[in-house]
Amino acid sequence: MRVTAFVLLLALALIDVECARQGQQVDCSKFKKLPPGEERLCYEIYGPICGSDGKTYANDCFFCSEVEKTDNELKFVRFGAC
């Protein structure tokens with residue numbers, strides 16, 4: 001009974017997080033512009049983002065790095081895989 005209650009609460013918490021993210025955009029301003037030729041080191045926490053190029057980026061760091069490389073041509077589509 002406790003395991004079932006825990007799983008149910010966990011599922012509800014995850015649904016809440018996903019609903020809260022809807023309508024949001026990715027804020028790339030927190031990633032400073034790098035000098036030409038320098039690569040960004042990104043963290044490995046998986047939080048997929050779908051870009052306008054149809055590719056899924058592992059998280060906002062990888063997405064924003066690609067936005068910078070494309071001179072802001074790449075746009076945010078949604079949170080989650082494409």
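Atoms considered below: every heavy atom in the structure, side chains included; atoms not considered: hydrogens, waters and symmetry mates. Counting begins at 1 with the first residue of the sequence.
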In sequence, state the C-alpha distance, the side-chain angles, and the governing distance for S65 and F31, and then conclude on side chain to side chain contact (heavy atoms under 4.5 Å, CB included).
CA-CA 8 Å; S65 182; F31 299 99; over 6 Å; no
CG (D27) and SG (C64) are apart, to the nearest 0.5 Å, by 7.5 Å
Identify each donor-acceptor pair in which a side-chain atom of residues 72-82 lies under 3.5 Å from a protein atom, sequence neighbours left out, and give them as a table.
residue: K75; atom: NZ; partner: N72; partner atom: O; Å: 2.7
residue: R78; atom: NH2; partner: A81; partner atom: O; Å: 2.9

ring-ring contact (aromatic ring centres under 6.0 Å, His included) contacts in which one or both residues fall within residues 43-66, not counting sequence neighbours:
Y57-F63
Verdict with supporting geometry, I49 and N59, side chain to side chain contact (heavy atoms under 4.5 Å, CB included)
CA-CA 6 Å; I49 294 174; N59 57 44; 5.7 Å; no
Output every pair passing salt bridge (Lys or Arg N to Asp or Glu O under 4.0 Å) with a member in residues 50-62, not counting sequence neighbours, ordered by first then second residue.
K30-D60
Would the distance check show the side chain of T70 and the main-chain N or O of E66 forming a donor-acceptor pair, the cut-off being under 3.5 Å?
yes
